[in-house]
Every structure is written in C-alpha cells, then in structure tokens.
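Notes follow the structure.
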Amino acid sequence: MAVENKIPSEEIVNDKFDQATANLLVKTGLGLSIGIVASALLFKRRMWPVTFFTGAGVGASYADAQRIFDSVSALGRPAASNNSA
Amino acid sequence: MLRASALTTKTLAVAAATRTASMRYVSRMPAKGYATTTAGSKPPASVGSSVPPAVKEGIRDPNTSFTASPKPAAKKKKSHKIRNTTLLALVAGTGFVAAAAYAQEDQDFGRNFEQYVPGAKSFMDLIRYHDDSVAMAASDVAFQAYDDIVYTGRFIYTQLYNLLNMLQHNTWQGSDSSGDTTKLATKKPKPVPVAATPTGGQTANEANPIAIVPMGNIQVAVEIPPMHSENKAVAALSKALSTVVSALNKKGLSSENVQELAALSDALVALDKSLGHIKDEERQAIEAALAVERSVFEASLAEFQELAHAALVTREAQLLEDRDKQLGAAAAAMDERVAKELSSQRDLLERRFNRYVRARVDEERGGRLAHLDRVEAQLRQLNQMAQESGDLIRRSRAVSTLGVAISALKSAAMGSRVQTPFASELSALASAATTDFPATRAAIAAIPLAMAEHGVPSQVELEDRFDTVRKEIRSVSLVPENGNLGSQVLSATLSKVMFEKEGLVEGEDVEAVLSRTGFYLRQHNLDRAARELNQLSGWPKKLAEDWISAARRRLEVEQAISVAESEEMLAKLSII
C-alpha cells in the first residue's frame with residue numbers, strides 16, 4: 001500500500017495498463033499451459049482444449065482488466081446521475 | 001498369371017450377376033460401379049461381391065463395368081426451412097421473454113434492454129400493468145395474437161365468400177354473409193376499417209326501387225326553421241329541433257308526425273314568451289332593492305363625514321399642544337448651553353489670570369521658581385523624546401530583522417530551481433515575527449512543518465511536469481465518467497488523431513482547458529494555470545490531481561511570503 005501512494009497521479013492510467021497487460025500475459029500463458037496439459041493427458045491430443053483454456057485465460061484477464069479500470073473505484077460514485085429511463 | 005485371369009473372370013461373372021439381379025441398385029460404394037477406379041486403395045469388402053483385397057496399381061478395378069443406367073443425381077439436401085425458422089422464432093421468443101424477466105431484477109440491464117431492443121418497452125409496460133407478472137404478460141400477448149389471427153382468418157374468409165357470391169350470383173349480399181357481418185360488427189371493439197359490404201347492402205336495397213312496392217309509403221317532408229330569441233338556450237333548442245326535423249325528413253314522415261312536430265314548435269314559442277316575462281319581473285325587483293340600498297348608503301356616508309370632522313378638530317388641538325411643549329424644551333436646552341459656555345470661558349480666564357499672576361510673582365522674585373518649573377517641563381519633554389526614539393529604534397530593528405528573514409525564506413523556498421527544504425528559514429521567520437506582525441504570524445502558522453521539511457516544487461519543475469501531465473490527460477480526455485476498459489482503449493487511440501489546441505482559446509472541453517493552462521504557464525502565471533486546470537472533471541481531473549496539489553503548495557508558500565512582505569512594507573511606512 002505504501003508503494004501505491006508514490007505513483008504520481010498522471011501515471012495511474014499507464015500503471016493500470018501495465019497491470020492489465022501483465023495480467024493478460026500471465027493468465028493467457030497459464031491457460032495455454034493448462035490447455036496443453038489437459039489436451040495431452042485427457043483429451044487425446046485434440047486442439048479444442050488448448051483453445052478453450054487459452055480463451056478462458058484471456059476472458060479472466062479481461063474481467064480483471066474491467067475491475068482494474070473501474071471508474072467508480074478510481075473516481076468515486078458520480079454525485080448527480082440523470083434518470084432518463 | 002493364369003490364376004489371376006481366372007480370378008478376374010470369376011469376379012466379372014459375379015459382378016454381372018449382381019448387376020442383372022437389380023439394375024437400379026446402387027451399391028454402397030458408387031464409385032466402384034461406374035467406370036471409375038480406386039487406383040491404389042484397397043477396396044473394402046462390399047455387399048454381394050467377393051473381391052480379393054490386393055489390386056495392382058495402375059490396373060483397372062475388376063469390378064468396374066459400363067452400364068446404361070444414368071448416374072444417380074446427387075441427393076438434394078433437404079433444407080428444413082420451416083423447421084429452422086420455427087426453431088429460430090421459438091429461441092428468439094424465449095430469449096426475449098427471459099430477457100424481460102431478467103430485466104425485472106437488474107435495472108441497468110432493463111434500461112439497456114428497453115432502449116435498444118424494438119418492442120421491449122411496450123412489453124415491459126405490459127408486465128408492469130399486469131403487476132410484474134411475466135407469465136400474465138406473455139399470456140396476454142398470446143391471447144391478443146390469437147384474437148388477431150382468428151379475426152384476420154374470419155375477415156379473409158368472409159371477403160372471399162362475398163367475392164365468390166359476386167362471381168356466382170352477381171350480388172354482394174349472400175344469405176350467410178349478412179349474419180356474419182353483424183356478428184363481426186358486434187364482436188370487434190377495436191376501430192378496424194370495416195368493409196363496404198354491410199352498408200353497401202342496405203344502399204343497394206334502397207337504390208333498387210323496382211324491387212320495392214310502388215305506393216308503399218308517401219314521403220312527407222316538413223320544414224321548421226330555427227327561431228331567434230333572446231334566450232340562448234331556447235335558440236339552441238330550436239336549432240336542434242330544426243336539425244332533427246331535417247334528419248327525419250330524410251327518413252320519411254307521416255301526418256301524425258307532422259302534427260306532433262307542429263305542437264312541439266308551438267310549445268317552444270310559449271316557453272320563450274314565459275321566459276321573457278320572468279326576466280322582466282326579475283329586473284323590476286332588482287331595481288327596487290337597489291334604491292333601498294342607495295338610501296342606506298347615503299345615510300351612513302353623512303354620519304362618517306361628521307365623525308371625520310370631529311377627529312380632525314381634536315388632532316389639531318393636540319398638535320398645537322405638542323408644538324408649545326417642544327418650543328419650551330428647546331428654549332431650556334439653549335439656556336443650558338449658554339450657561340456651560342460661560343463657565344468654560346470663566347475657567348479659561350481664570351487660568352490665564354493665574355499664569356499672569358505667577359509670571360509677575362516670578363518676575364518679582366527674580367524668576368527662579370519659574371526657572372525651575374521650566375527646567376522640569378523640559379526634562380519631561382526630553383524623557384518622552386528619548387522613549388519615543390527608543391521605541392522607534394526597536395521597531396525599525398524588528399522590521400529589518402523581519403525583512404532579512406523574509407528574503408532568506410524567499411530565496412530558500414522560491415529561489416532555487418529544484419525543490420529544497422526551508423524549515424530553518426521558516427523557524428527564523430517565525431521567531432522574527434513578533435506580536436507586532438500578527439498577519440505574518442498567522443500566515444506562517446498556516447504552513448505545515450512537513451511541507452517546510454520537504455520543500456515546495458520550483459516553477460521550472462512544475463512547468464516541466466505539466467508537459468507530461470498534459471500528454472497523459474490528452475490520452476484520457478475522451479473517457480466518460482462511468483467508462484471502463486473499452487472506453488480507456490478507445491480514448492487512448494482516438495486522442496492521438498485529435499488536434500492539440502494552443503494559446504488562450506475559449507471553451508470548456510479538455511483540450512481548451514489544457515491549452516489555456518499551458519498559455520498561463522508560459523507566462524509563468526502559476527495561480528491562473530492552477531485555477532484553469534482545476535476546472536477539469538472526471539478522469540482528467542484525477543490525473544491532474546497531484547500536479548494541482550503541488551502547484552497549490554507552492555502558491556500557498558508564495559502567498560504567505562507576500563503577506564509577510566506587505567506587512568513589513570506597512571511597518572516601514574509607519575516608521576517613516
């Protein structure tokens with residue numbers, strides 16, 4: 001937590017992008033490896049477990065990126081919201 | 001070689017036998033039977049042939065034979081259009097109803113659903129109408145659809161029936177159709193363009209006079225013009241009567257009806273006359289009442305006039321009394337003042353007399369007493385002067401100490417090009433700011449110690465940092481208040497093709513604010529630059545926060561120093 005305070009405010013978006021990219025790489029790699037292992041051991045060396053788990057990794061990293069870039073946690077809930085619906 | 005040829009002959013015979021047995025039989029391997037070869041591949045065992053597995057490459061398959069029957073056309077793939085469409089419609093309908101049910105739980109989803117999906121808003125309104133029951137709404141829609149389909153079917157059926165009738169019998173009105181049309185007319189409450197057939201039937205009847213008995217009914221027509229009268233209701237009634245009569249004319253009247261109508265019009269005339277009488281009577285009654293009221297009013301008016309006159313007289317007497325009283329008081333005050341002035345004049349004269357006497361006494365005594373007095377007075381004066389000059393010296397020393405401390409602080413905090421701490425200079429200024437300089441004391445107390453120990457960023461540092469801040473803010477300028485990953489990425493890419501504004505431009509958008517801030521910074525006007533940048537909101541504001549707080553810290557220290565300087569100048573001016 002102490003390290004987080006040192007980031008100057010103009011860098012927070014770049015920092016978030018870095019986090020999101022690192023997350024993407026890690027989770028995709030994890031998914032890919034799990035897919036390869038699963039395909040090799042359980043699914044008779046077919047292609048689809050690899051793509052499935054890689055996709056799952058990408059999806060998990062996308063969900064994390066949504067959470068990282070969430071406006072409400074960065075800016076706070078907007079004071080006045082228009083009820084137009 | 002012989003064995004091979006024997007084998008081939010045998011297989012040829014077998015193949016011919018099977019071929020003659022069923023000419024149209026298509027084997028499971030169609031390629032085999034129709035002048036094609038499966039060169040190189042081992043033919044698997046097929047039904048009804050005993051082919052040896054090994055076939056030499058390049059040699060034609062022994063099972064090939066030439067037949068006259070044509071190649072069977074490729075099986076047309078059955079396209080299940082209706083089935084697929086029904087399935088798709090069912091899935092879409094289920095999805096729609098499920099989305100509507102979910103929209104009840106999740107309000108955001110509901111808003112998006114209503115906005116973007118056609119027909120969703122009316123369905124959601126229907127659900128709300130049915131007390132939030134999706135099942136009721138769906139069944140309502142289903143019943144309406146069923147009604148519509150049934151009605152459309154019936155309508156088409158009757159139209160076709162009538163058309164058929166026309167073609168067969170040359171008449172629009174069939175024996176069943178009238179019954180159907182009346183049923184239709186009573187059943188359908190919705191405004192639907194009803195076909196011309198029902199009314200057309202009746203007009204056709206009337207327009208065909210040959211079919212009617214000739215002297216059946218004599219058409220009688222009567223005319224009653226509308227009456228002019230003073231009373232609006234009666235006039236309206238007579239107008240209505242005339243329109244009714246004209247409508248009845250079209251239908252046909254008999255003699256009794258004419259009599260009744262004449263009686264009606266007579267009654268209307270009598271009514272009008274009686275109303276006139278009533279009005280006259282009422283008018284007379286009102287005039288009598290008005291005369292009575294007028295006399296009453298005049299009596300009360302005369303009474304009121306007398307009262308007012310009496311009140312005026314008493315008021316006049318009172319005012320005269322007040323005036324006399326005030327005149328007396330003013331005269332008394334005058335006398336008092338004269339007496340006071342006289343007494344002060346007397347005092348003055350007494351003093352002068354005393355002084356004169358003393359002077360004469362001193363003169364006579366040789367003036368030594370006077371001398372002593374004079375000396376004493378001079379000594380007192382000198383004392384005072386010494387005190388004043390001591391005071392002055394103390395004050396000027398305090399002011400110059402303050403000035404030195406201020407300039408030291410200024411050069412420490414503001415002077416350098418990098419951020420330097422100025423805690424010691426600040427404490428020196430705090431000690432130099434005695435109780436003579438309250439504003440400086442207050443300004444210094446407002447600067448926290450942590451800020452003094454870290455120092456404040458210099459102007460150059462801030463201006464440099466602003467370049468980075470500006471770049472970052474530009475890349476996040478298009479993100480909305482509730483934006484997420486997608487909008488961040490879009491903003492980062494689209495902002496690269498946006499024009500960067502420069503100079504003092506008008507406008508409230510991010511680019512204009514940034515360019516105005518840059519302009520002020522180039523003029524080294526940090527205060528206005530910070531104010532401009534503070535106008536941002538949302539993500540750009542979040543990114544600019546640190547820069548603004550750094551600029552604010554510097555501005556605070558600047559302000560404190562300027563307060564101290566102005567107080568010092570004020571003190572100097574008071575010393576002069």
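Proteins get letters first, then strands, A, B, ... in listed order; numbering begins at 1 in each.
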Are more than 12 heavy atoms, taken from residues, nucleotides or ligands other than B:Phe96, located less than 6.0 Å from that residue's CZ atom?
yes
With a sphere of 6.0 Å drawn around CD of A:Gln19, does it hold more than 12 non-hydrogen atoms of other residues, nucleotides or ligands?
yes
Enclosure of B:Phe109 CZ (heavy-atom neighbours >12, cutoff 6.0 Å)
yes
Chain A-proximal positions within residues 474-492 of chain B [heavy-atom distance under 4.5 Å]
B:Val476, B:Pro480, B:Glu481, B:Asn482, B:Gly483, B:Asn484, B:Leu485, B:Gln488, B:Val489
B:Lys542 side chain near A:Val13 side chain, heavy-atom distance below 4.5 Å:
no
Can you tell me how far CD of A:Glu11 sits from OG1 of B:Thr468, rounded to the nearest 0.5 angstrom?
7.5 Å
Taking everything shown except B:Arg522 itself, do over 12 heavy atoms lie less than 6.0 Å from its CZ?
yes
Using a cut-off of 6.0 Å, state whether more than 12 heavy atoms not belonging to A:Lys27 lie near its atom NZ.
yes
Ignoring hydrogens, what is the shortest heavy-atom contact between A:Phe69 and B:Trp539? Give both atom names and the distance.
O-CZ2, 3.9 Å
Neighbour count above 12 (heavy atom, 6.0 Å) for B:Arg553 CZ
yes
Is there a side-chain contact between A:Ser9 and B:Trp547 (heavy atoms, below 4.5 Å)?
no
With a sphere of 6.0 Å drawn around NE2 of B:His454, does it hold more than 12 non-hydrogen atoms of other residues, nucleotides or ligands?
no
Looking only at heavy atoms, which two atoms of B:Arg465 and A:Glu10 are closest? And how far apart?
NE-OE2, 2.9 Å
